[in-house]
Structures are given as C-alpha cells and as structure tokens.
Amino acid sequence: GAMPGLLLGDEAPNFEADTTQGRIRFHDFLGDSWGILFSHPRDFTPVCTTELGRAAKLAPEFSKRNVKMIALSIDSVPDHLSWSKVRGVGTGHLPGKGGAAGLSRSSRAVGQTPAQPLTLPPCAQVFVFGPDKKLKLSILYPATTGRNFDEILRVVDSLQLTAYKKVATPVDWKPGDSVMVVPTLPDEEAKKLFPKGVFTKDLPSGKKYLRYTPQP
C-alpha cells in the first residue's frame, strides 16, 4: 500500500483525495506546515470517535505548533461529514488554515497505478510529517487501543525542537525539561551554542558522553 510501507525519512506520497474540505493534494495541503495523518480503520467506531473529540479539543494546541491534521479512513466523504456533525468536529471547530480534514476511501496516491487506492491496515496509525514532506515519526496501534494525544503533542514538541537545535530529548522528556546535547557536537562548540551551560552526568564507566543543557 501507499502508506503502510513508509519508513522514517521517506517522502510522503503526494496523493489526491476528496476530503471534508473539498479535493486536496497532500503536499499542497501541508504547504510549509508540519502535518499529522491519522489513519482510522473505519468511521463510527467508538474508539476513533473518542479520538476525534479529543483532536478537536486540542486543535488550538496543534495550530500553535503549525501542525495540520488529517484523518484518513476507508469511508466516503458524505459519511465523514455526517460523522463530523455527530461528533461536532467539523472544520468550524478546527482553527488555522485548513486545520483538519477527513479523507475518503476513494483517495488515490499520485504516482501509483491509477486504480490503486490508498490501502490501510485494520489498525490505527499516526504519521508525523515535517515541512520537508518527509516522515519524521510513525506509531502503530491496534484498533482496540485509543491513541494518547498528550504523547502525540509531546513527540511533536520533541521533533520540532530537535529539528532546529542540536539537541535530543531524553527518556520521558516533557517541554521545559533539560535536553541532551547531540554527541557529534564538540564541547567547545556546545558551550558557545548553549549559553545556559552544559553539564555532564557521571556514568559508572567514567565516560562523559551524557551532556545536558536547559531547553533552548
């Protein structure tokens, strides 16, 4: 299929699709924004319904981070529109330039065989794309386990921070926590780059490679 085989660093297929916001081409829809594509096995499942409600509530948070959301499922746009009405998650609730859209099963991946639809597995996936249209993160959930939107916001914060600064985020990192200086950065350069200071954590081996700095 066009989506499930995507690996980190791969470019997103520039598919065209009918959505609740009209026909879109994925790369144009993203523009210079980050994008999150949620795949849903089908509409009107109780788990997905709770997720869409949460996505609508968090829309301002995603908007603040310059992230556009798109939900992809195997149902048709009229089904999506009725689902949006049922859930109150129509585009009116999702601020920003085309903050969110629902895709239909008739979506086609551009560059694929004309008859090949976007195939989706019977599970829920989260794909995060950068403004360069490349896949930065993907998480695969079974259809019975709802996604954790706090975690999705957290990984977006980490992806955006680490994309622009020479840092990595340690285990269980939350925005505001100290971050790690990437190992490839020499100490001298790190001191210049991180005026708030760089401190190392001693390891039993005596190696000093765990270098931390307050979040830039």
Side-chain angles (χ1 to χ4, degrees), residues 1-43 45 47-48 51-52 55 58-59 62-63 65-81 83-84 89 91 94 96-143 145-149 151-153 155-160 162-164:
M3 276 296 182
L6 269 191
L7 301 174
L8 294 186
D10 285 357
E11 186 165 289
N14 191 14
F15 57 81
E16 281 188 23
D18 291 308
T19 78
T20 50
Q21 295 189 358
R23 191 144 185 91
I24 65 148
R25 191 175 256 239
F26 190 50
H27 286 198
D28 297 339
F29 170 80
L30 285 182
D32 58 4
S33 300
W34 288 68
I36 300 186
L37 192 147
F38 298 98
S39 75
H40 292 277
R42 68 196 66 79
D43 277 355
T45 63
V47 170
C48 301
E51 291 183 338
L52 280 193
L58 287 174
F62 285 106
S63 214
R65 291 161 172 79
N66 190 26
V67 174
K68 288 182 176 176
M69 290 187 281
I70 195 157
L72 176 57
S73 100
I74 58 173
D75 297 279
S76 66
V77 164
D79 289 344
H80 283 312
L81 289 169
W83 197 28
S84 297
V89 295
T91 47
L94 295 160
K97 298 176 294 218
L103 290 187
S104 79
R105 65 171 154 223
S106 59
S107 308
R108 299 263 179 262
V110 175
Q112 304 285 319
T113 349
Q116 185 188 7
L118 274 171
T119 48
L120 289 171
C123 52
Q125 277 181 288
V126 179
F127 299 96
V128 181
F129 296 99
D132 59 1
K133 316 290 182 282
K134 295 206 164 101
L135 182 64
K136 305 299 179 189
L137 174 125
S138 77
I139 314 174
L140 180 62
Y141 292 82
T145 299
R147 288 168 270 209
N148 180 336
F149 277 75
E151 169 63 0
I152 292 166
L153 277 175
V155 294
V156 166
D157 284 334
S158 169
L159 289 168
Q160 292 186 338
T162 57
Y164 305 121

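Partners of Asp132 by salt bridge (charged side-chain N to carboxylate O under 4.0 Å, His left out), not counting sequence neighbours, listed by chain and number: Lys136. Not counting sequence neighbours, Glu11 has no partner by the salt bridge (charged side-chain N to carboxylate O under 4.0 Å, His left out) test. Partners of Ser158 by side-chain hydrogen bond (donor to acceptor under 3.5 Å, both in side chains), not counting sequence neighbours, listed by chain and number: Thr169.
Proximity of Trp34 to Val156: side-chain heavy atoms (C-beta onward) are nowhere separated by under 4.5 Å. In this structure the side chain of Leu153 reaches within 4.5 angstrom of the side chain of Arg65, judged on heavy atoms. Inter-residue side-chain proximity for Ile24 and Ile70 is flagged as met; some heavy-atom pair is nearer than 4.5 Å.
One distance of note links CG of Asp10 with CZ of Phe129; it measures 9.0 Å at 0.5 Å rounding. The NZ atom of Lys134 sits 12.5 Å away from atom CG of Leu6, with the distance rounded to the nearest 0.5 Å. Distance CE/Met69 to CD1/Ile152: 10.0 Å, rounded to 0.5 Å. In this structure, CG on Leu8 lies 7.0 Å from CG on Leu137, to the nearest 0.5 angstrom.
Listed here is the closest heavy atom pair of Ala12 and His27: O-NE2, 2.8 Å. Of all heavy-atom pairs spanning Gly35 and Leu30, the tightest one is CA-CD2, 3.4 Å. Across Val126 and Arg147, no two heavy atoms sit closer than the pair CG2-CD, 3.2 Å.
In this structure, Gln125 contributes its side chain and Ser138 its backbone to no donor-acceptor pair below 3.5 Å. Judged by distance alone, with hydrogens and angles left aside, the side-chain atoms of Lys133 form no donor-acceptor pair with the main-chain N or O of Pro13 at under 3.5 Å.
A centroid separation of 6.0 Å or more is found between the aromatic rings of Tyr141 and Phe38.
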